[in-house]
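What follows is a single structure, written as structure tokens, with notes after it.
Keep in mind that this is a model prediction, so the values were computed, not measured. Reminder, nothing fancy here: chain letters follow the sequence lines and each chain counts from 1.
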Amino acid sequence: MAPANQHQAPTGTRDLYPADAARRRFITEAWRGASVRHGFEEVDGPTFEHLDLYTVKSGQGIVSELFSFQRTGGEKTYALRPEFTPTLARLFAARANALPKPSKWFMAGPFFRAERPQRGRLREFLQWNVDFLGLAGDPKTPEELTRATAAADAEIIATCVSMLAMLGLGPREVRVKINHRRALGDWLGSRGLPEARHAELLTLLDGKGKMPPAEFAARLAAFGFSPEQAEIFQKGIIRTTVDDPASAKGDTVLDLTFFSQAVAPLSEQLAQAGILDWVDFDLSIVRGLAYYTGMVFEVHEASGGERAIAGGGRYDNLVELFGGPPTPAVGFGMGDVVLSLVLQDRGLMPTDAKLAEAAGLRPDVFVIPNGLPESEAMVRPLVATCRASGLHARHTYRTTRNVGKLLQEAGAARARFAAIIEGAAGVTLKDLETGQQTEKPVPPGEVPARVAAGRPGFTPASPSR
RNA sequence: GUGGCCAUAGCUCAGUUGGUUAGAGCACGGGAUUGUGAUUCCCGGGGUCGCGGGUUCGAGUCCCGUUGGCCACCCCA
């Protein structure tokens, strides 16, 4: 793409020009806002770790999927972080005794995976991670444990939903698909499926979209499911209500009573959070075969055309695996790539002008000389005075002395005020939104205060304009 | 790692069976216009046509390789 003496960005990375950086900020600020509203505190870790940290959980097979390296002359092998959970577990394990229970943490930052880019996937991306570590109320009885677990699970899902809602997405645009690993496993066991074959079935469920329905049904038959039952799995979605959490009870084709009862406490909590109408219970949500021990969920665009917007679940064994005390935990991750695609496709990404305003990038004042040499000499001092007062002040870099052109530039920069220097007579302040301007020039020294006050004593603009 | 499609200005694209010095719109800069954000008009900077090789009197155009992009597979923590 470029001549030999030029450089290009590595595969799967992005260059961010001002408008791109503004869009990225829009997303990260929404992440941060939802996290803070729900009482999560920000943490972070290194962007690279010892390679071993990632093989503990995922095995050696993971190595080919990540960027690993050694320092020249060094012996230790590092890897750019492909996910946050191992770092999170490491952080929590190191100070577990001193940390409050529960601890509610979030982070947002860059992650790296050495995979071939395609729609919704890059090699460098941003990811928002939200985790609820420990449980409220030191539950002792099974009933207390069930209630506290469901409450934490629902809080995590609610935080995710809250962020999507703030961006203008609703239950018609995105669906939260929830499954329950342990309930599914118990149910399969009750049907007589040996535990050794559960993983095999999960893999099959996970891959249902990549094979014809007939093949899916045929392979389910090997697990003792009838074609009618296979169709239930094919559709996947199970409705539950708070009034009748076991509403699938009457389903004689696929007796899901066990499953429905297992997710009833979560349904109740989701209803209390006011987000049950965002949710489908879906037996085909598997989330790989990794470390999830209970509830798992993914957020998908309703049309199903995109990859998952977010995914997560309960991982009660992981902190212990990384050397901490046994700690129940639940969390999720959301990447910026698919989310951006969904927002763009739905027209929910604000215009550049609105992004600049939301990010606080609008200039307070744009200083314009009226063409006299003495006025031009006053531009930089006035700009400096305004900036020293804490104002966002700009001036032109153009050579033109055409005041109309310069006002146009001030407007294009979305400045709130234009300050037209009239030489020794002073400065005319113009409100660029209302078109009003000061009747008589004001002394330069008064400009910062008048701009800051937002009421610089305007009179209506002349009708001649 | 495998496969398909694609690559001309910052962006969107045109470029005839291979034929002179590669074009348009938008964007950007200057001017018409030392005094008020519009409209209009004029002018200008910008490209070794992704890169390298081959065929040919002649290649943006045809062939091969390569790099990059998009899409799918694998995988998805």
- Task: Name the nucleic acid region contacted by Ile368(A), choosing base, sugar-phosphate or nothing; use a 4.0 angstrom heavy-atom cut-off, strictly under.
- Result: nothing
- Note on the structure: From the candidates rU36(B), rA77(B), rG37(B), the one with an atom nearest any side-chain atom of Gln437(A) is rU36(B)
- Provide the distance between the two C1' atoms, one in rU16(B) and one in rG3(B), to the nearest whole Å. 34 Å
- Item | Partner of Val330(A) by side-chain contact (heavy atoms from CB on, under 4.5 Å), out of Ile156(A), Ile157(A), Asp316(A), Val296(A) | Ile156(A)
- Tell me: CG of Asp20(A) to P of rG10(B), nearest whole Å? 16 Å
- Item | Span that lies between the P atom of rA22(B) and that of rC6(B), in whole angstrom | 26 Å
- Arg307(A) side-chain proximity, nearest of rC70(B), rC76(B), rG37(B): rC76(B)
- Of the candidates rU36(B), rA77(B), rC74(B), the side chain of Lys430(A) sits closest to rU36(B)
- Can you tell me the distance, in whole Å, between the CD atom of Glu115(A) and the C1' atom of rC74(B)? 9 Å
- Message: Would you measure the distance from the C1' atom in rC49(B) across to the matching atom in rA59(B) and give it in whole Å?
- Response: 11 Å
- Roughly, in whole Å, what's the span from CD in Glu439(A) to P in rU36(B)? 17 Å
- Answer yes or no on whether Lys104(A) is positioned over the face of Phe40(A), meaning its NZ or CZ is under 6.0 Å from the six-membered ring centre and within 45° of the axis. yes
- Message: Using only modelled atom types and a 3.5 angstrom limit, is any donor from either the side chain of Arg287(A) or the base of rA77(B) paired with an acceptor on the other?
- Response: no
- Task: Indicate for each nucleotide in nucleotides 25-34 of chain B, in 5' to 3' sequence, whether protein heavy atoms under 4.0 Å reach the base (B), only the sugar-phosphate (S), or nothing (-).
- Result: ----SSB-B-
- Query: Any donor-acceptor pair under 3.5 Å linking the side chain of Ser375(A) with the backbone of Gly423(A)?
  - Reply: yes
- Message: Checking contacts here: which listed nucleotide (rC76(B), rC70(B), rA77(B)) is nearest the side-chain heavy atoms of Tyr291(A)?
- Response: rA77(B)
- Output yes when Asp44(A) and Arg81(A) qualify as a salt bridge under the 4.0 Å nitrogen-oxygen rule, no when they do not. yes
- Item | Nucleotide rA77(B), atom C1' - distance to CG of Leu318(A) in whole Å | 10 Å
- Message: Under the rule for side chain to side chain donor-acceptor pair (under 3.5 Å), what residues qualify as partners of His38(A), not counting sequence neighbours?
- Response: none
- To the nearest angstrom, how far is Phe297(A) atom CZ from rA77(B) atom P? 13 Å
- Rounded distance in Å - CD (Gln118(A)) to P (rC76(B)): 13 Å
- Task: For rG50(B) and rG15(B), measure between their P atoms and round to the nearest Å.
- Result: 15 Å
- Item | Pairing string, 5' to 3', for RNA chain B - Watson-Crick or wobble contacts under 3.5 Å, brackets [ ] where pairs cross, | to another strand | (((((((..((((.....[...)))).(((((.......))))).....(((((..]....))))))))))))....
- Would you confirm whether Ser162(A), through its side chain, and Ala158(A), through its main-chain N or O, come within 3.5 Å as a donor-acceptor pair? no
- Query: Could you state the CG-C1' distance from Leu66(A) to rC76(B), rounded to the nearest angstrom?
  - Reply: 13 Å
- Message: At 4.0 Å (heavy atoms only), tell me whether Thr11(A) reaches a base, stays on the sugar-phosphate, or touches nothing.
- Response: sugar-phosphate
- By salt bridge (charged side-chain N to carboxylate O under 4.0 Å, His left out), which residues pair with Arg119(A), not counting sequence neighbours? Glu306(A), Asp345(A)
- Note on the structure: Whichever of Tyr54(A) and Ala410(A) has the more 5' nearest nucleotide on RNA chain B, that residue is Ala410(A)
- Item | Between rC26(B) and rG18(B) - P atom distance, rounded Å | 33 Å
- Item | Spacing of the C1' atoms in rA7(B) and rU12(B) (rounded, Å) | 15 Å
- Item | P-based separation of rG23(B) from rG53(B) [nearest Å] | 25 Å
- Message: Going by salt bridge (charged side-chain N to carboxylate O under 4.0 Å, His left out), name the residues that satisfy it together with Glu446(A), two or more places apart in sequence or in a different chain.
- Response: Arg450(A)
- Message: Run the salt bridge (charged side-chain N to carboxylate O under 4.0 Å, His left out) test against Arg398(A) and tell me which residues pass, sequence neighbours left out.
- Response: Glu409(A)
- Message: Can a side-chain donor-acceptor contact be found between Glu49(A) and Thr87(A) if the only test is distance below 3.5 angstrom?
- Response: yes
- Note on the structure: Here the residues of residues 119-131 of chain A within 4.0 Å heavy-atom distance, strictly under, of RNA chain B are Arg119(A), Arg121(A)
- Message: Please enumerate all residues that pass side-chain contact (heavy atoms from CB on, under 4.5 Å) together with Glu124(A), with sequence neighbours excluded.
- Response: Thr13(A), Pro110(A), Phe112(A)
- For Leu406(A), report the nucleic acid contact type (base, sugar-phosphate, nothing); a contact means any heavy atom under 4.0 Å. nothing
- Nearest-Å distance for atom pair CZ/P, residues Phe332(A) and rA77(B): 15 Å
- Message: Tell me every residue that passes side-chain contact (heavy atoms from CB on, under 4.5 Å) with Ala96(A), counting only those two or more places apart in sequence or in another chain.
- Response: Phe92(A), Pro325(A)
- Message: Under the rule for side chain to side chain donor-acceptor pair (under 3.5 Å), what residues qualify as partners of Glu301(A), not counting sequence neighbours?
- Response: Ser303(A), Arg346(A)
- Item | Short N-O contact, Arg113(A) and Glu65(A), less than 4.0 angstrom | no
- Ignoring hydrogens and angles, are the base of rU36(B) and the side chain of Gln408(A) linked by a donor-acceptor pair under 3.5 Å? no
- Query: Ion pair present between Asp20(A) and Arg25(A), side-chain N to carboxylate O less than 4.0 angstrom?
  - Reply: no
- Output every pair passing salt bridge (charged side-chain N to carboxylate O under 4.0 Å, His left out) with a member in residues 360-379 of chain A, not counting sequence neighbours, ordered by first then second residue. Glu357(A)-Arg362(A), Arg362(A)-Glu433(A), Asp364(A)-Arg416(A), Glu376(A)-Arg401(A)
Can you name the atoms? Protein N/O to nucleotides 2-4 of chain B N/O, anything below 3.5 Å, with the distance.
from: rU2(B); atom 1: O4; to: Arg116(A); atom 2: NH1; distance (Å): 2.7

- Using the P atom in both, what is the distance from rG54(B) to rA27(B), to the nearest Å? 43 Å
